[in-house]
Amino acid sequence: MKKTLFILLFCMIQSIVGMAQDGMFKARVYNKDYDVFLDVNLYEESITIPGQELLGKVYGYIKKATDSRVWIIMEATLDEKARSARLVIVNDYGSEDLVAELTADADGGYTLKQLEGSVIKMAGKGKWIKLPKIMNFKRK
């Protein structure tokens with residue numbers, strides 16, 4: 001029993017160390033329910049949005065796999081002790097914006113919580129679909 005607990009604890013520590021080396025907030029994660037992905041590097045503006053290179057480097061974006069429109073992360077304030085980041089996000093038209101919090105979960109996934117401002121909407125089935133205010137994202 002003690003040996004099993006030790007192995008489990010060791011694996012958890014290795015996972016946390018691996019996340020710290022790669023950067024907890026440098027990831028590409030998915031939400032299967034809404035076919036949406038989040039591509040972020042909240043440590044520096046280093047991500048280029050495919051098809052929108054004119055915008056330059058950004059902290060990241062949220063995109064539906066079947067749509068060219070994106071929500072762009074313009075500002076990121078990290079609180080690594082709390083395993084969270086406060087984000088300012090704007091749609092690619094610049095007409096809507098919001099403040100959200102991204103939290104790194106213990107299981108390696110992420111939770112995006114829209115705090116104030118516009119609601120993230122994505123095109124789907126011929127209409128705009130509002131995404132839930134709280135969404136979970138997982139690595140593939």
Side-chain angles (χ1 to χ4, degrees):
M1 180 69 171
K2 287 182 182 181
K3 189 174 186 178
T4 304
L5 287 174
F6 175 76
I7 291 171
L8 182 60
L9 182 61
F10 180 76
C11 290
M12 288 175 57
I13 290 171
Q14 290 297 340
S15 175
I16 292 168
V17 168
M19 283 176 60
Q21 288 173 346
D22 292 343
M24 182 183 325
F25 290 108
K26 183 177 181 182
R28 184 174 180 133
V29 291
Y30 298 85
N31 178 290
K32 289 182 184 179
D33 296 332
Y34 289 90
D35 194 25
V36 173
F37 67 89
L38 177 64
D39 192 2
V40 296
N41 180 356
L42 303 183
Y43 301 103
E44 62 180 330
E45 294 175 296
S46 65
I47 295 180
T48 303
I49 302 168
Q52 298 193 22
E53 291 82 6
L54 183 63
L55 297 173
K57 305 279 187 191
V58 296
Y59 287 105
Y61 61 95
I62 302 167
K63 183 180 182 320
K64 187 170 178 70
T66 57
D67 189 17
S68 63
R69 291 168 281 238
V70 297
W71 286 77
I72 306 162
I73 300 170
M74 301 300 292
E75 294 178 29
T77 306
L78 295 175
D79 183 352
E80 290 195 74
K81 287 184 182 180
R83 301 176 56 93
S84 67
R86 188 171 180 88
L87 310 176
V88 175
I89 305 171
V90 64
N91 69 355
D92 54 359
Y93 292 104
S95 61
E96 297 184 75
D97 62 353
L98 66 121
V99 175
E101 181 180 61
L102 183 66
T103 304
D105 301 330
D107 67 357
Y110 295 83
T111 300
L112 180 69
K113 183 177 183 180
Q114 299 176 49
L115 301 174
E116 56 189 68
S118 302
V119 175
I120 297 175
K121 293 175 270 209
M122 299 283 179
K125 299 182 182 177
K127 61 182 180 177
W128 290 109
I129 298 169
K130 290 182 180 181
L131 297 182
K133 292 227 180 217
I134 299 174
M135 291 183 65
N136 294 311
F137 291 83
K138 303 286 182 197
R139 295 182 189 266
K140 247 187 173 179

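Counting begins at 1 with the first residue of the sequence.
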Is the backbone N or O of [Y] less than 3.5 Å from a side-chain atom of [X], with the two atoms forming a donor-acceptor pair by type?
X      : Y      : result
Ser118 : Asp97  : yes
Gln52  : Pro50  : no
Asp105 : Asp107 : no
Gln114 : Ile120 : yes
Asn31  : Val36  : no

Are any of the side-chain heavy atoms of Tyr93 and Arg69 separated by less than 4.5 Å?
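Yes; the side chains approach each other to less than 4.5 Å.
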
Would a 4.5 Å heavy-atom cut-off, applied to side chains only, mark Glu101 and Thr103 as touching?
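In contact.
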
What is the distance from atom [atom1] of [X] to atom [atom2] of [Y], rounded to the nearest 0.5 Å?
X      : Y      : atom1 : atom2 : result
Asp39  : Lys63  : CG    : NZ    : 11.0 Å
Lys64  : Lys121 : NZ    : NZ    : 15.0 Å
Ser84  : Leu42  : OG    : CG    : 10.5 Å
Leu115 : Leu87  : CG    : CG    : 9.0 Å
Lys138 : Tyr30  : NZ    : OH    : 15.0 Å
Leu55  : Ile72  : CG    : CD1   : 5.0 Å

With Leu102, the side-chain contact (heavy atoms from CB on, under 4.5 Å) member among Ile73, Ile89, Leu38, Thr111
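Running side-chain contact (heavy atoms from CB on, under 4.5 Å) over Ile73, Ile89, Leu38, Thr111 with Leu102 returns exactly one hit, Leu38.
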
What about [X] and [Y], same hydrophobic cluster or not, with Ile/Leu/Val/Met/Phe/Trp/Tyr joined at side-chain heavy-atom distances under 4.5 Å?
X      : Y     : result
Leu112 : Phe25 : yes
Val90  : Phe37 : yes
Tyr34  : Tyr61 : no
Ile49  : Tyr59 : no

Closest non-hydrogen atom pair between Ile47 and Gly60, with its separation:
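In terms of heavy atoms, the two residues are closest at CD1-CA, 4.0 Å.
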
Nearest heavy atoms of Ala123 and Asp67, plus distance in Å
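Looking at all heavy atoms of both residues, the shortest contact is CB-OD2, 3.5 Å.
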
Would one find more than 12 heavy atoms of other residues, nucleotides or ligands at under 6.0 Å from atom NZ of Lys130?
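It does not: Lys130 NZ has 12 such atoms or fewer within range.
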
More than 12 heavy atoms of other groups within 6.0 Å of Lys133 NZ:
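Count over threshold, so yes.
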
By ring pair (Phe, Tyr, Trp, His ring centres under 6.0 Å), which residues pair with Phe137, not counting sequence neighbours?
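Ring pair (Phe, Tyr, Trp, His ring centres under 6.0 Å) list for Phe137, sorted by chain: empty.
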
Between Met122 and Ile62, is the side-chain contact (heavy atoms from CB on, under 4.5 Å) condition met? List the steps.
CA-CA 10 Å; Met122 299 283 179; Ile62 302 167; 3.8 Å; yes

Ignoring hydrogens and angles, state whether a donor on the side chain of Arg139 or Tyr110 is under 3.5 Å from an acceptor on the partner side chain.
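Side-chain D/A pair, Arg139 to Tyr110: present.
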
